[in-house]
Trainee: 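I have a structure I would like to understand better, so I am pasting it below and will then ask my questions one at a time.
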Amino acid sequence: MSEVQRIAEVSRNTKETQITVRVNLDGSGEARLNTGIGFFDHMLDQIARHGLIDLDIQAVGDLHIDGHHTVEDVGITLGLAVAQAVGDKKGLTRYGHSYVPLDEALSRVVIDFSGRPGLEMDVKFTAGSIGAFDTQLAFEFFQGFSNHALVSLHIDNLKGHNAHHQCETIFKAFGRALRMAMTLDPRSIGMIPSTKGSL
């Protein structure tokens, strides 16, 4: 556990969305979520629970148009909050990976707190929407996150017929991979996990 609390709060307001995200990277998985999109809240809850991150996300967006701006901007704001909470990355494990199954579905997520943003996502959803959540927006969320948390993120759905299961395995695996990468390694306290000396 870090002596310094890895906590951050970021607010981001545009003409399309007003979002506040609070994170505690060393939490217990508690979540307080209100995005106006029920299934998206369910997915964010997976990140908190499986990442052991305390997560408070309050979002007001132009849902009368669609969910695009809300989902993308939550990803951006969460990325900014995580980047702020991680700080200088000294002692960070840096890399994280996870395979998560749910019935017939199986997904793999790999993350690197490299300081170089990038998303590679190979997911062929079997449905265009899950409740009020457009499955195309999963990409927008993770792209917003990776660009602003400054991480390299690889997401692959390896199997799955049910779109709900596909999506849930992705978010659960993301939470688990995030947890691994953000864990402080007691053997490298005070050290930057890079031969370059900075991330």
Side-chain angles (χ1 to χ4, degrees), residues 21 23-57 59 61 63 66-79 81-82 93-113 118-147 149 151-183:
V21 172
V23 296
N24 177 359
L25 303 186
D26 302 303
S28 59
E30 294 296 318
R32 182 171 170 262
L33 308 164
N34 184 18
T35 67
I37 305 170
F39 183 77
F40 186 40
D41 285 351
H42 180 46
M43 293 300 98
L44 294 170
D45 196 23
Q46 305 306 319
I47 296 173
R49 184 65 54 85
H50 296 282
L52 290 181
I53 301 164
D54 290 345
L55 193 55
D56 186 335
I57 298 177
L63 297 180
D66 68 7
H68 190 287
H69 299 140
T70 299
V71 173
E72 180 180 27
D73 289 0
V74 166
I76 289 169
T77 312
L78 178 59
V82 167
T93 297
R94 176 178 170 177
Y95 301 101
H97 62 272
S98 182
Y99 286 82
V100 170
L102 175 56
D103 296 344
E104 89 297 345
L106 174 66
S107 292
R108 174 185 61 215
V109 174
V110 184
I111 191 168
D112 174 14
F113 274 82
L119 172 64
E120 291 292 332
M121 183 167 170
D122 186 6
V123 180
K124 296 174 179 65
F125 283 110
T126 59
S129 63
I130 307 165
F133 183 79
D134 180 345
T135 52
Q136 293 182 92
L137 299 184
F139 178 89
E140 304 302 330
F141 169 79
F142 287 115
Q143 184 171 61
F145 178 86
S146 63
N147 284 345
V151 300
S152 176
L153 183 59
H154 289 252
I155 299 173
D156 295 281
N157 175 238
L158 305 175
K159 297 178 181 179
H161 303 298
N162 180 296
H164 186 133
H165 294 171
Q166 289 176 294
C167 201
E168 190 162 334
T169 56
I170 289 165
F171 277 83
K172 284 179 174 176
F174 174 71
R176 296 284 300 189
L178 200 57
R179 174 180 167 186
M180 179 187 291
M182 294 188 308
T183 295

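All values below were derived from every heavy atom in this structure, side-chain atoms included, with hydrogens, water molecules and symmetry-related copies excluded.
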Trainee: So, Ser146 side chain and Leu153 main chain: donor-acceptor pair closer than 3.5 Å or not?
Mentor: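 Side chain of Ser146 to backbone of Leu153: no pair is present.
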Trainee: Under 4.5 Å between any side-chain heavy atoms of Met121 and Phe142, yes or no?
Mentor: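 Met121 reaches Phe142 side chain to side chain.
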Trainee: Could you tell me whether Phe171 and Phe141 have their ring centroids closer than 6.0 angstrom?
Mentor: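 So the answer is yes for these two rings.
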Trainee: Return yes when atom NE2 of His97 has more than 12 non-hydrogen atoms of other residues, nucleotides or ligands closer than 6.0 Å, and no otherwise.
Mentor: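 Not buried by this count: 12 neighbours or fewer within 6.0 Å.
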Trainee: Got a sec: does the CD of Glu104 have more than 12 other heavy atoms crowding it under 6.0 Å?
Mentor: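 For Glu104, atom CD is crowded (more than 12 foreign heavy atoms under 6.0 Å).
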Trainee: Would you say the side chain of Phe174 lies within less than 4.5 Å of the side chain of Ser107, judging by non-hydrogen atoms?
Mentor: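 No, side chains not in contact.
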Trainee: Report yes if some heavy atom in the side chain of Leu63 is under 4.5 Å from a heavy atom in the side chain of Ile37; otherwise report no.
Mentor: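 A side-chain contact under 4.5 Å exists here.
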Trainee: Quick one, Cys167 and Ile130 - any side-chain contact, counting heavy atoms below 4.5 Å?
Mentor: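 Yes; the side chains approach each other to less than 4.5 Å.
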Trainee: Can you tell me which residue pairs pass the salt bridge (charged side-chain N to carboxylate O under 4.0 Å, His left out) test with a partner in residues 158-169, sequence neighbours excluded?
Mentor: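 Applying salt bridge (charged side-chain N to carboxylate O under 4.0 Å, His left out) to every pair that reaches into residues 158-169, excluding sequence neighbours, yields Glu168-Lys172.
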Trainee: Side chain of Asn162, backbone of His164: donor and acceptor closer than 3.5 Å?
Mentor: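 Looks like yes, one N/O pair under 3.5 Å.
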Trainee: Taking the side chain as every heavy atom from C-beta outward, state whether Glu120 and Ile155 have any pair of such atoms under 4.5 Å apart.
Mentor: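 SC-SC contact between Glu120 and Ile155 ruled out.
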Trainee: Indicate yes or no: at least one non-hydrogen side-chain atom of His42 is less than 4.5 angstrom from one of Leu33.
Mentor: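 No, every pair of side-chain atoms sits at 4.5 Å or beyond.
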Trainee: Could you check whether any side-chain heavy atom of Phe145 comes within less than 4.5 Å of a side-chain heavy atom of Val151, counting everything from C-beta outward?
Mentor: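 When only atoms from C-beta onward are counted, Val151 and Phe145 do touch, with a gap below 4.5 Å.
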Trainee: Give a yes or no answer on whether the side chain of Asp54 reaches the backbone of Asn24 with a donor-acceptor pair at less than 3.5 Å.
Mentor: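 Checked: no pair found.
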Trainee: Of the non-hydrogen atoms in Val82 and Met182, which two are nearest, and what is the gap between them?
Mentor: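 Shortest heavy-atom separation between Val82 and Met182 comes out as CG1-SD, 4.1 Å.
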Trainee: Ignoring hydrogens, what is the shortest heavy-atom contact between Ala48 and Glu30? Give both atom names and the distance.
Mentor: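 Closest heavy-atom pair between Ala48 and Glu30: CB-O, 4.2 Å.
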Trainee: Hey, does the side chain of Asn157 reach the backbone of Leu106 with a donor-acceptor pair shorter than 3.5 angstrom?
Mentor: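 At least one qualifying donor-acceptor pair exists.
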Trainee: Looking at Thr126 and His161, would you say the former's side chain and the latter's main chain have a donor-acceptor pair under 3.5 Å?
Mentor: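 Pair found, side chain donor or acceptor close to backbone of His161.
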Trainee: Quick check: do Asn34 and Ile57 have side-chain heavy atoms less than 4.5 Å from each other?
Mentor: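 No - every pair of side-chain heavy atoms lies 4.5 Å or more apart.
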Trainee: What are the two closest heavy atoms between Ala59 and Val74, and how far apart are they?
Mentor: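 Heavy atoms of Ala59 and Val74 come nearest at CB-CG2, 4.0 Å.
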Trainee: Are the side chain of Thr135 and the backbone N or O of Ala127 linked by a donor-acceptor pair below 3.5 Å?
Mentor: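 Yes: the side chain of Thr135 pairs with the backbone of Ala127.
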Trainee: Only counting residues at least two apart or in another chain, list the ones meeting salt bridge (charged side-chain N to carboxylate O under 4.0 Å, His left out) with Glu140.
Mentor: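 Partners of Glu140 under the salt bridge (charged side-chain N to carboxylate O under 4.0 Å, His left out) test: none.
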Trainee: Measure centre to centre between the rings of Phe113 and Tyr95, then say whether the value is under 6.0 Å.
Mentor: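 They do not qualify: ring centres at least 6.0 Å apart.
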Trainee: Quick one: which residue pairs count as a salt bridge (charged side-chain N to carboxylate O under 4.0 Å, His left out) with a foot in residues 41-51, not counting sequence neighbours?
Mentor: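 Output for this query is empty, none listed.
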Trainee: How close do Ala181 and Gly96 get, counting heavy atoms only, and between which atoms?
Mentor: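 Looks like CB-N, 3.6 Å.
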Trainee: Looking only at heavy atoms, which two atoms of Ala138 and Phe133 are closest? And how far apart?
Mentor: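 Taking Ala138 first and Phe133 second, the nearest heavy atoms are N-CZ, 3.8 Å.
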Trainee: Compare every heavy atom of Leu178 with every heavy atom of Ile111, then report the nearest pair and how far apart it is.
Mentor: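 Heavy-atom minimum between the residues: CD1-CD1, 3.6 Å.
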